[in-house]
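Report on one structure; see the data block that follows.
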Amino acid sequence: MVVASEPRAEPAQAEAPAPRPVIGPVRWAELPAVARLQARAFRRGLAYRLPTLLLLRASPGVRFLVAREQGRVIGCAIGDRAGTIGRVVNLAVDPDVRRRGVGTALLAAVEAALPGGDMLLMVEAHNTAARALYEHAGYLPSGQAPNYYGRGHHGIWMRKPRPQGG
Ligand SMILES: CC(C)(COP(=O)(O)OP(=O)(O)OC[C@H]1O[C@@H](n2cnc3c(N)ncnc32)[C@H](O)[C@@H]1OP(=O)(O)O)[C@@H](O)C(=O)NCCC(=O)NCCS
């Protein structure tokens, strides 16, 4: 008697892990790529263009970080300090690589580059993605800025308490 053999199970294909982004200070040569990232990440009028990015890169008090994956710029975080307060000036992640923790990692990196004292930022009220990210990172709404981003586009101040000493 011939018994039909069971179809052989394929060996499980191990999914290749996503490459880990590396975060570090932006290089001058990467600024055009950051400008393209800004244009992809933000709506017209909110994206930083190359001249602004050059100025930020040249400012000694500014912490300007990028996330790179296989040499490609996939995100950026820009921060500075106003007195004892650290400020997140800009945070953007390429739309192709979102929801992989890159924004969270960039935010943590820019906070670490501005040690000590509370952190402060402004986010557009209807930007639910960014607000959720900031809340997860310990930021709390601390005020409103009506029409900050244009008529009907309100801003929300968010603040993260941190000890003065770091
Ligand atoms: C906001 C932004 C930076 C998030 O980057 P990201 O790499 O996708 O963020 P993360 O993967 O670290 O997300 C962390 C958490 O934030 C929340 N979050 C992020 N994107 C979200 C979305 N589209 N909807 C709801 N929650 C979201 C989630 O809680 C997420 O955790 P989870 O994926 O485990 O659920 C990115 O969407 C972006 O560049 N947006 C356009 C530019 C912008 O708005 N910048 C902020 C200006 S203030």
Side-chain angles (χ1 to χ4, degrees), residues 15-27 30-57 59 61-82 85-114 117-162:
E15 222 173 84
R20 289 177 71 86
V22 176
I23 295 177
V26 69
R27 302 176 188 128
E30 289 173 324
L31 291 177
V34 178
R36 289 192 293 276
L37 164 74
Q38 289 279 318
R40 277 165 61 73
F42 289 99
R43 73 168 188 270
R44 211 177 154 80
L46 291 189
Y48 286 167
R49 294 183 188 193
L50 190 55
T52 306
L53 297 170
L54 284 161
L55 267 180
L56 287 164
R57 173 64 182 79
S59 305
V62 170
R63 303 288 175 264
F64 191 155
L65 307 177
V66 289
R68 302 179 193 95
E69 197 166 74
Q70 295 173 329
R72 186 171 80 95
V73 172
I74 57 166
C76 73
I78 305 171
D80 70 1
R81 185 174 285 289
I85 304 281
R87 301 187 296 191
V88 181
V89 176
N90 187 272
L91 178 69
V93 172
D94 189 288
D96 288 346
V97 300
R98 288 186 185 162
R99 299 305 286 268
R100 279 180 31 197
V102 178
T104 300
L106 277 163
L107 180 61
V110 83
E111 289 175 358
L114 297 163
D118 288 2
M119 292 295 300
L120 186 69
L121 59 83
M122 167 85 77
V123 60
E124 205 167 338
H126 69 240
N127 191 345
T128 48
R131 288 180 67 175
L133 184 158
Y134 294 136
E135 276 166 26
H136 279 183
Y139 288 75
L140 304 165
S142 63
Q144 292 183 13
N147 303 310
Y148 184 89
Y149 293 97
R151 199 171 168 165
H153 296 277
H154 309 307
I156 306 279
W157 289 106
M158 297 188 82
R159 192 168 177 128
K160 177 174 181 171
R162 295 194 309 178

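One-based numbering, in listed order, for ligands and for the atoms of each.
Under the 4.5 Å side-chain criterion, counting only non-hydrogen atoms from C-beta, Tyr139 is in contact with Leu107. For the pair Arg36 and Val73, the minimum side-chain heavy-atom distance is 4.5 Å or more. Proximity of Phe64 to Leu31: side-chain heavy atoms (C-beta onward) are separated by under 4.5 Å at one or more points. Taking the side chain as every heavy atom from C-beta outward, Asp94 and Arg72 approach each other to under 4.5 Å.
Annotation: Ala41 places no N or O atom under 3.5 Å from an N or O atom of ligand 1; distance criterion only. Every N/O-N/O distance between Thr128 and ligand 1 stays at or above 3.5 Å. Taking only nitrogen or oxygen atoms, main chain and side chain alike, Gly103 reaches within less than 3.5 Å of ligand 1. Considering backbone and side-chain atoms alike, Asn127 places an N or O below 3.5 Å from some N or O of ligand 1. At a 3.5 angstrom cut-off on N or O pairs, Val123 does not count as close to ligand 1. Residue Gly101 places at least one N or O, backbone or side chain, under 3.5 Å from an N or O of ligand 1.
Listed by number with element, the atoms of ligand 1 under 4.0 Å from a non-hydrogen atom of Ala92 are 39 (O). Distances below 4.0 Å separate heavy atoms of Ala130 from the following atoms of ligand 1: 1 (C), 46 (C). Against a heavy-atom cut-off of under 4.0 Å, Met122 is close to the following atoms of ligand 1: 48 (S). Set against the non-hydrogen atoms of Arg100, the atoms of ligand 1 under 4.0 Å away are 11 (O).
Looking from atom 43 (C) of ligand 1 to the surrounding protein, the closest heavy atom is Phe42 CE2, 3.5 Å. Ranking the protein heavy atoms by distance from atom 23 (N) of ligand 1 puts Ala129 CB, 3.4 Å first. Looking only at protein heavy atoms, the nearest one to atom 39 (O) of ligand 1 is Val93 N, 2.8 Å. Taking atom 12 (O) of ligand 1 as the reference point, the nearest protein heavy-atom neighbour is Thr104 OG1, 2.5 Å. For atom 31 (O) of ligand 1, the closest heavy atom belonging to the protein is His136 ND1, 4.2 Å. Protein heavy atom closest to atom 48 (S) of ligand 1, with residue, atom name and distance, is Tyr134 OH, 3.3 Å. The protein heavy atom nearest to atom 4 (C) of ligand 1 is Leu133 CD1, 3.5 Å. Given atom 17 (C) of ligand 1, the protein heavy atom at minimum distance is Ala132 CB, 3.7 Å.
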Steps toward side chain to side chain contact (heavy atoms under 4.5 Å, CB included) verdict (Tyr48, Val34): CA-CA 9 Å; Tyr48 286 167; Val34 178; over 6 Å; no
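The protein does not reach atom 34 (O) of ligand 1 closely, with no heavy atom under 4.0 angstrom from it.
One N or O on the side chain of Asp118 and one on the backbone of Arg162 form a donor-acceptor pair closer than 3.5 Å. Looking only at distances, no side-chain donor or acceptor of Asn147 sits under 3.5 Å from a matching main-chain atom of His154. Of the possible donor and acceptor atoms, one in the side chain of Arg57 sits under 3.5 Å from a partner among the backbone N and O of Val26. Under the 3.5 Å distance criterion, the side-chain polar atoms of Arg98 are matched with a main-chain donor or acceptor of Val93.
With rounding to the nearest 0.5 Å, the separation of CG in Asn90 from CG in Leu121 is 11.0 Å.
Between Arg68 and Glu30, at least one side-chain N (NZ, or NE/NH1/NH2) sits under 4.0 Å from a carboxylate O, which counts as a salt bridge.
At a heavy-atom distance under 4.0 Å, no atom of Tyr149 approaches ligand 1.
Closest approach of Leu120 to Ser142, counting heavy atoms only: CD1-OG, 4.3 Å. Summarising the geometry of Met158 relative to Arg131, their closest heavy-atom pair is CE-O, 4.3 Å, with the distance given to 0.1 Å.
Around atom 22 (C) of ligand 1, the closest heavy atom drawn from Glu135, Glu124, Arg99 belongs to Arg99.
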